[in-house]
Structures are given as structure tokens and as C-alpha cells.
Amino acid sequence: MIRKFVGAVAAALAVLAGLWLMIAPFALGTQPEGADWTNATQSEFFAGLGVAVVGLVGAIAFVLAIYEDLVVRGLVVPKPRRPEPEPEPVPVAAAPQASSAELATLLAPLVEALREDLNHSTRTGEHRQNGKAPLVGAEENR
């Protein structure tokens with residue numbers, strides 16, 4: 001584990017060294033401003049780019065190795081992968097729709113019963129009883 005950590009730190013330092021090589025000609029003023037790149041600038045820049053890329057690949061490899069080691073030791077629990085979405089169910093053919101005339105015929109007795117119940121309770125002032133307590137006005141009796 002310590003070797004992997006040291007390797008990750010060394011790779012991160014290599015990335016930083018590569019970045020410094022890339023910007024050094026501009027930061028130190030050895031590359032004239034507004035002029036074409038000199039041979040020295042090109043050499044330093046592309047050498048730094050190579051060092052930075054190799055260091056980045058090494059850092060990623062060492063970090064993944066550390067992560068794998070932590071999973072094996074049980075110190076890190078990997079996130080479970082999301083299950084693949086289930087296929088959408090195939091729609092089943094619906095029953096034939098009733099026409100509005102058939103629906104009105106079926107609902108007419110219910111509407112009439114509700115109308116009679118409403119008229120009965122408003123004329124008498126009584127509330128319909130469900131067991132012992134009235135459905136409406138139960139709060140008034142407290």
C-alpha cells in the first residue's frame with residue numbers, strides 16, 4: 001500500500017514537472033513575446049508535454065491500484081451498479097369503451113340516490129348516521 005502511495009505521489013510530481021517544462025520558456029522570458037517559437041522553446045514544451053502525459057497516466061494507474069487495494073481490504077465499499085432498466089410492458093388491448101349513453105344509464109340510479117339523500121338531509125336538518133357518530137358535524141358535539 002505504501003509503495004502505491006509513493007508511486008502516486010511521484011507520478012503527480014512528474015505531472016507538475018512536465019507542466020513547468022511547458023510554461024518555463026514563457027515564464028522565464030527565454031521565448032520572445034510575439035515571435036515564432038524557438039527550437040529551445042519547442043524542445044522544452046513538447047518534452048514537458050510528454051512528461052506530463054506519462055505522469056498523468058501513472059497517477060491514474062496508481063490511484064486505481066490504491067482504490068482496488070482498499071476495496072479488497074474492505075475499507076471502501078464500491079457503489080452498486082444501477083440495474084438495467086426493465087423493458088416497458090406490452091400494452092394489453094383494453095376492453096371496448098362504453099358509450100356515453102350506456103354510461104349515463106348505468107350511473108342514473110346512483111345519481112338519483114345521491115340526490116334523494118341530499119334532499120332528505122337538508123329538509124330534516126339531520127345528518128346521516130354511520131354507527132353512533134354523525135358523519136358531518138362531529139366537531140360541533142365536542
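Every heavy atom of this structure was used, including side-chain atoms; hydrogens, water molecules and symmetry mates were not.
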Practice problem: Could you grab the distance from atom CG of L70 to atom NZ of K4, nearest 0.5 Å is fine? | Solution: 9.0 Å
Quiz item: Which pair of non-hydrogen atoms, one from G55 and one from A14, has the smallest distance, and what is that distance?
Solution: CA-CB, 4.0 Å
Quiz item: Quick one: are T38 and P25 in side-chain contact, heavy atoms under 4.5 Å?
Solution: no
Practice problem: Locate the shortest heavy-atom distance separating A59 from A11; write the atom from each residue and the value. | Solution: N-CB, 3.3 Å
Quiz item: Rounded to the nearest 0.5 Å, how far does CG of L107 lie from CD of E112?
Solution: 13.0 Å
Quiz item: Is there a chain of hydrophobic side chains (I, L, V, M, F, W, Y, each step under 4.5 Å between heavy atoms) that links V53 to M22?
Solution: yes
Quiz item: According to the salt bridge (Lys or Arg N to Asp or Glu O under 4.0 Å) rule, which pairs have a member within residues 30-45, sequence neighbours left out?
Solution: none
Quiz item: CD1 of I2 to CD1 of I66: how many Å apart, nearest 0.5 Å?
Solution: 9.5 Å
Practice problem: State yes or no: do M1 and V71 share one hydrophobic cluster built from I, L, V, M, F, W and Y residues joined by side-chain heavy-atom distances below 4.5 Å, directly or via other members? | Solution: yes
Quiz prompt | same_hphob_cluster(L56, L64) at 4.5 Å side-chain heavy-atom cutoff | solution = yes
Self-check item: Minimum heavy-atom distance between L28 and W20, given as atom pair plus value
Solution: CD1-CZ2, 4.2 Å
Quiz prompt | Within residues 44-89 or reaching into it, pairs that qualify as ring pair (Phe, Tyr, Trp, His ring centres under 6.0 Å) - sequence neighbours excluded | solution = W37-F45
Self-check item: Over 12 non-hydrogen atoms of neighbours within 6.0 angstrom of CZ in F26
Solution: yes
Practice problem: Mind jotting down which residue pairs meet the salt bridge (Lys or Arg N to Asp or Glu O under 4.0 Å) criterion with at least one end in residues 59-80? Sequence neighbours excluded, please. | Solution: D69-R73
Quiz item: Between L110, V111, D117, L118, which is the residue that forms a side chain to side chain contact (heavy atoms under 4.5 Å, CB included) with L114?
Solution: L110
Quiz item: When clusters are formed by joining ILVMFWY residues with side-chain heavy atoms under 4.5 Å apart, either directly or through shared neighbours, do L19 and L49 land in the same one?
Solution: yes
